[in-house]
Amino acid sequence: MSEAVVETHGLSKSYGDKAALRGLELNVPRGSIYGFLGRNGAGKTTTMKLLLGMLRPDAGEFSLFGETVSSEASSVAARRRIGFVSEGKDLYSFMTVGQVIRFTRPFFPGWRRELEDRYLQLFRLPLNQSIMKLSRGMRTQLMILLAMARGAELLVMDEPTSGLDPIMTEEVLQALADLAAGENVTIFFSSHQLAEVEQICDHVCLIDDGQKVLDGVLDDLKSQYRRIVLVFDAAAPAGLAGLKGVDHLRRSGRTASLLAHADVEGIVAEARNFAPLSVDVYPVTLKELFFDHVRGQ
Amino acid sequence: MLWFKAWLETRWRFCFIAASILFAWATPLWAPLFHLRAPAGVPESRLWLAVHVASVLLYIFAAIFLAGSGINSQTTYAATSGFHPSMLFTLSLPVTRRRLLLVRAGLGALQTSVLVIVMAAYTLFDRPEATTAAQLLTYLARAIVCTMPVYALSTMLACLFDEMWQFYGAFMCCVAAFVLQSRIPGLSSLSPFRGMSLISYPIAGPIPWAPVIFSLALTAVLMYASTLIVQRKQY
C-alpha cells in the first residue's frame with residue numbers, strides 16, 4: 001500500500017454524552033482523492049476538526065504525513081502542508097477578496113501565485129469586493145482558491161462544492177482531479193453529492209454513528225459488490241438473509257434485493273433454492289453502497 | 001499579517017471611539033451654536049471634574065470594546081451573539097493559538113492606550129490648574145497601566161464567550177469590582193479604578209504605586225489565564 005497521508009487509530013471523541021467518533025480507523029493514501037461520506041452527524045466534520053487541531057481526541061491517535069500529531073507544535077507544522085475548506089465557507093467579513101488573499105499568502109511558503117491567478121481568473125473574483133457582499137457561491141470559490149493556492153500536499157474539504165452552480169461544480173471537480181493527478185496532492189473531502197464523489201474519488205470511506213462501515217478503492221468496491229434482485233410469486237422469504245456473503249437484504253412484497261460482496265454466483269445458486277420467478281444481477285453504484293451500509297446499520 | 005487582520009477587525013471600533021472623543025473635543029466650537037453653556041453657579045472645576053469622570057468611564061469602555069481573542073472573529077463595529085464560523089479558517093492557519101491571542105490582544109491594548117492618552121491629555125489640557133510635563137507623563141502611564149486589567153478581563157472573556165457576553169460580562173465584572181473596592185476597606189488602596197482617577201490621586205501628589213503594581217499583576221494573571229483558555233479550548 002502507498003504511504004498514508006492521514007492515518008487514524010481508535011480515534012474517539014464525545015460531546016458530553018453524545019459519542020461523535022467511536023474508534024475511527026482511517027488510512028488515506030498519498031495522491032488519492034478520498035471521499036469521506038456519511039449522514040449528517042455521522043462524525044465527518046468532527047474528524048476534520050480533529051485532524052486540523054481544532055478539537056482534541058478523547059482517545060486514539062492520528063498521524064499526518066507520517067508524523068504523529070500529539071502537540072500544538074506538530075499540528076502547526078502539519079497545517080503548513082494542509083489546505084482547508086470549511087462547510088460554512090465563512091471568511092472574514094471585514095476583509096475584501098484581495099485582503100484575505102494578501103493575509104493568507106505569507107503563512108504558506110509554498111504559496112503558488114500561478115494557481116492564485118488561474119483561479120482568480122476562472123472564478124472571476126473581484127479583488128476589491130468585500131467578502132460580506134459575496135454570494136455563497138463566490139465565497140466557496142474564494143475558499144477553494146485559498147486552499148488550493150497554499151501549495152498544500154493535503155486538501156481537507158468539507159462539502160467543497162455546496163453553493164456552486166453545476167458548471168462551476170464541474171470546473172472545481174476538474175481542478176481537484178488535476179491537482180491530485182498532476183501535483184500528487186491528496187484530497188480528503190466530504191460531500192453529500194454522491195454522484196460527484198463517484199465522479200472524482202478513487203477511494204471512499206463511509207462512516208455512520210462515528211464508526212467506519214466501509215472503505216476501500218472505489219472501483220474495487222464496485223466490482224466486489226453486486227445487487228441481486230429476486231422476484232417471487234409470494235412474499236419474499238426472510239431466509240435469504242442467511243445466505244453466506246450477503247451483506248444486506250431488503251424485502252419489499254414479492255421482491256428481495258440482496259447486496260453481496262463475495263461469491264455472487266454461489267449466492268445466486270443458493271437463492272434459486274427459494275424458487276424465485278426471476279433472478280437478476282446488477283453492478284452497484286456508490287449510492288446503493290451508501291444506502292445499504294449507512295441505512296442498514 | 002496577524003497584525004493586519006487585527007487592525008482590519010478593530011479599525012472601525014477604534015475610529016468610532018476616537019470620533020466620539022473628537023466630538024467632545026470640539027464642544028467649544030459647536031456648543032455656542034446651540035446656546036449651550038455651563039449652568040449658572042457651576043464653577044469651572046466642577047465641569048472639569050465631570051469631563052474627567054466621563055473620560056475615565058471612556059477608558060473602561062474603550063478597553064472592553066477593543067479587546068478580542070484573535071480566534072473568535074468579531075464584527076467591525078457592533079457586538080453580536082454567537083461565534084462567527086470564520087474562526088475555523090483562522091484555526092486552520094499554521095499559527096499557534098497563543099500567537100493568535102497575543103497579536104490581537106497586543107493591537108487592542110495599543111489602540112486602548114492611544115485612546116487613553118488622547119482622553120487623558122484632553123482632560124489635563126482642559127484642567128484649570130497648570131500641569132507640568134512630568135506630571136502629565138506620569139499620569140498617562142498610570143492611566144494606561146490601570147486600564148489594562150479591564151482590557152485583560154475583556155480579553156479573557158472574549159476567549160470564553162461570544163462578543164455579546166464578553167461585553168455584558170466585562171461590564172458586570174467592572175461594576176461588581178467597583179462596588180467591592182468601595183465597600184471593602186483594604187481593596188480601595190489597590191483599586192485600578194482609583195488608579196485611573198485624578199480625584200483619588202491628584203496629579204501633583206506622589207505616584208500611587210499600590211494600584212499601579214496591583215494592576216500590572218492582575219493584567220499578567222488575566223492574560224496568562226487567557227493564554228491557558230485558548231490553548232485548551234476546543235472549537
Side-chain angles (χ1 to χ4, degrees), chain A residues 13-15 20 45-46 48-58 71-96 99-110 130-132 139 142-143 146-147 150 152 154-158, chain B residues 1-16 65-66 68-104 107-108 111 159 162-163 227-235:
Chain A
K13 179 73 192 167
S14 297
Y15 301 106
T45 301
T46 297
M48 291 183 174
K49 284 184 167 185
L50 283 165
L51 297 178
L52 290 159
M54 296 169 193
L55 295 172
R56 276 186 301 278
D58 298 334
S71 64
E72 192 181 26
S74 53
S75 176
V76 168
R79 273 182 268 150
R80 280 198 194 96
R81 302 161 75 180
I82 299 177
F84 175 58
V85 175
S86 64
E87 187 179 5
K89 320 290 181 301
D90 289 290
L91 288 162
Y92 311 124
S93 54
F94 48 82
M95 286 191 187
T96 62
Q99 282 170 338
V100 80
I101 292 173
R102 282 208 305 281
F103 166 73
T104 312
R105 203 186 284 145
F107 292 106
F108 299 94
S130 164
I131 287 170
M132 199 161 38
R139 273 191 288 129
L142 179 56
M143 258 204 125
L146 293 171
R150 288 178 184 196
L154 168 66
L155 293 181
V156 176
M157 306 179 129
D158 201 354
Chain B
M1 289 312 280
L2 290 175
W3 289 99
F4 174 65
K5 171 181 169 279
W7 166 245
L8 293 179
E9 188 170 340
T10 53
R11 61 185 167 168
W12 293 117
R13 290 173 183 227
F14 178 75
C15 291
F16 171 74
F65 203 47
L66 289 168
S69 69
I71 294 175
N72 304 338
S73 297
Q74 295 176 295
T75 43
T76 47
Y77 49 83
T80 50
S81 58
F83 293 109
H84 194 266
S86 62
M87 72 180 176
L88 297 182
F89 180 76
T90 308
L91 289 165
S92 77
L93 297 171
V95 185
T96 60
R97 293 181 180 188
R98 187 164 167 267
R99 196 172 142 214
L100 289 171
L101 168 71
L102 294 182
V103 171
R104 172 65 182 79
L107 186 88
Q111 290 171 327
C159 298
D162 66 16
E163 273 183 290
T227 313
L228 291 183
I229 290 167
V230 291
Q231 283 176 332
R232 290 170 189 200
K233 192 171 165 69
Q234 305 203 53
Y235 293 90

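Residues B/Ile229 and B/Arg97 fail the side-chain proximity criterion, which asks for heavy atoms closer than 4.5 Å. Side-chain contact check for B/Val103 versus B/Val95: every heavy-atom pair is 4.5 Å or farther apart.
In this structure, A/Phe94 and A/Tyr92 have parallel ring planes: the angle between them is below the 30° cut-off, well short of the 60° mark.
Only the side chain of A/Leu146 comes within less than 4.5 Å of a heavy atom in chain B; its backbone stays farther off. For B/Tyr235, the parts sitting under 4.5 Å from any heavy atom of chain A are the backbone and the side chain alike. Contacts of A/Gln99 with chain B are made by both backbone and side-chain atoms, with heavy-atom separations under 4.5 Å. Contact annotation for A/Ser75: neither backbone nor side-chain heavy atoms come within less than 4.5 Å of a heavy atom of chain B.
Heavy-atom pairs under 4.5 Å with chain B were tallied for A/Arg81, A/Lys89, A/Glu72; the largest tally goes to A/Glu72. For the options A/Leu52, A/Leu55, A/Ile82, heavy-atom pairs under 4.5 Å to chain B are most numerous at A/Leu55. Among A/Met143, A/Arg102, A/Met54, the residue with the largest count of heavy-atom pairs under 4.5 Å with chain B is A/Met54. Contacts with chain B were tallied for A/Phe107, A/Phe84, A/Phe108; A/Phe107 has the most, counting heavy-atom pairs under 4.5 Å.
Closest approach of A/Pro57 and A/Leu50 over heavy atoms only: N-CD2, 3.3 Å. Looking at every heavy atom in both residues, B/Lys233 comes nearest to B/Cys159 through CD-O, 3.2 Å.
Taking a 6.0 Å sphere around CZ of A/Arg105, one finds it holds more than 12 heavy atoms contributed by other residues, nucleotides or ligands.
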